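No experiment lies behind these values; they were computed from the predicted model shown.
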Amino acid sequence: MKEKEYSASKELFSKCVKAGSRFYYLDAKQDQQGNNYLVISESRINTRTGQRERQRVFVYEEDIDKFVQGLEEVISTFGTLSGQEAEEERGVGLDHTAGMDSAITPVNIPDVDQFLQEEME
């Protein structure tokens, strides 16, 4: 989809979230062909240049379920990681003889080729 098509899109719903010096915009939109999509935007002031910067991610309706599932998985790790950090501060659960590696949580990153193959099926 071209930028011109995005600008002609119909806004269905919009939500702004202020988080410190950042603003997050969640916009549900519909393009000229009737396809729904989500636009997630981040807006902030660059402290070095003083310029406002904006980042945008577009998620199409057919991808929303997969996107939300992945987002939920990532968010759920925050609680796990925060719990580990609290234990480390208290000295609980650490094997001090094993060095720093015992505090590292392995991350399961899917194989890119497998991911692309699943997408094609």
Side-chain angles (χ1 to χ4, degrees):
M1 200 178 282
K2 297 178 183 164
E3 186 67 33
K4 184 171 83 172
E5 292 178 34
Y6 283 124
S7 63
S9 297
K10 177 181 172 184
E11 190 165 304
L12 304 174
F13 180 81
S14 185
K15 174 77 176 174
C16 176
V17 178
K18 183 174 183 337
S21 63
R22 298 173 192 263
F23 288 86
Y24 297 98
Y25 300 92
L26 307 168
D27 301 311
K29 295 190 173 196
Q30 186 176 68
D31 66 18
Q32 293 176 334
Q33 289 75 33
N35 300 313
N36 296 328
Y37 61 98
L38 169 67
V39 181
I40 303 170
S41 305
E42 175 209 28
S43 178
R44 67 181 182 92
I45 303 279
N46 184 318
T47 55
R48 285 181 276 144
T49 65
Q51 299 287 324
R52 181 162 293 281
E53 294 179 345
R54 181 176 68 172
Q55 310 296 324
R56 295 168 73 180
V57 174
F58 295 81
V59 182
Y60 293 91
E61 186 174 31
E62 62 267 18
D63 301 327
I64 287 288
D65 289 337
K66 290 179 182 179
F67 180 82
V68 169
Q69 181 182 7
L71 184 60
E72 287 173 344
E73 287 178 29
V74 170
I75 290 171
S76 71
T77 64
F78 289 144
T80 304
L81 294 174
S82 295
Q84 286 178 343
E85 290 172 5
E87 287 179 358
E88 289 172 12
E89 287 177 12
R90 292 190 312 261
V92 177
L94 285 181
D95 178 0
H96 296 287
T97 62
M100 294 294 286
D101 292 341
S102 64
I104 297 173
T105 303
V107 177
N108 183 15
I109 300 174
D111 178 46
V112 174
D113 294 328
Q114 178 185 355
F115 179 76
L116 292 174
Q117 186 174 0
E118 288 174 6
E119 288 295 311
M120 298 190 69
E121 293 175 353

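Grouping the Ile, Leu, Val, Met, Phe, Trp and Tyr side chains by contacts below 4.5 angstrom, directly or via other members, places V57 apart from F13. V17 and I45 fall into different hydrophobic clusters, where Ile, Leu, Val, Met, Phe, Trp and Tyr are joined by side-chain heavy atoms under 4.5 Å apart, directly or via other members.
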N/O donor-acceptor pairs under 3.5 Å from side chains in residues 19-28, not counting sequence neighbours:
| from | atom 1 | to | atom 2 | distance (Å) |
| --- | --- | --- | --- | --- |
| R22 | NH1 | E42 | OE2 | 2.1 |
| D27 | OD1 | S14 | OG | 2.4 |

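Distance CZ/F58 to CD1/I40: 10.5 Å, rounded to 0.5 Å. Atom CG of D63 sits about 12.5 Å away from atom CD of Q69, to the nearest 0.5 Å. Here Q32 contributes atom CD and S9 contributes atom OG; the two are 7.0 Å apart, rounded to the nearest 0.5 Å. Taken from CG in N35 to CD in Q30, the straight-line distance is 8.0 Å, to the nearest 0.5 Å. Here the CZ-CG distance, from R52 to N46, works out to 11.5 Å after rounding to the nearest 0.5 Å.
The neighbour count for K15 NZ, taken as heavy atoms of other residues, nucleotides or ligands under 6.0 Å away, does not exceed 12.
Closest approach of V39 to R56, counting heavy atoms only: CG1-NE, 3.9 Å.
Counting only heavy atoms from C-beta outward, the side chains of D31 and Y37 approach each other to under 4.5 Å.
By the side-chain contact (heavy atoms from CB on, under 4.5 Å) test, V68 pairs with I64, E72, sequence neighbours left out.
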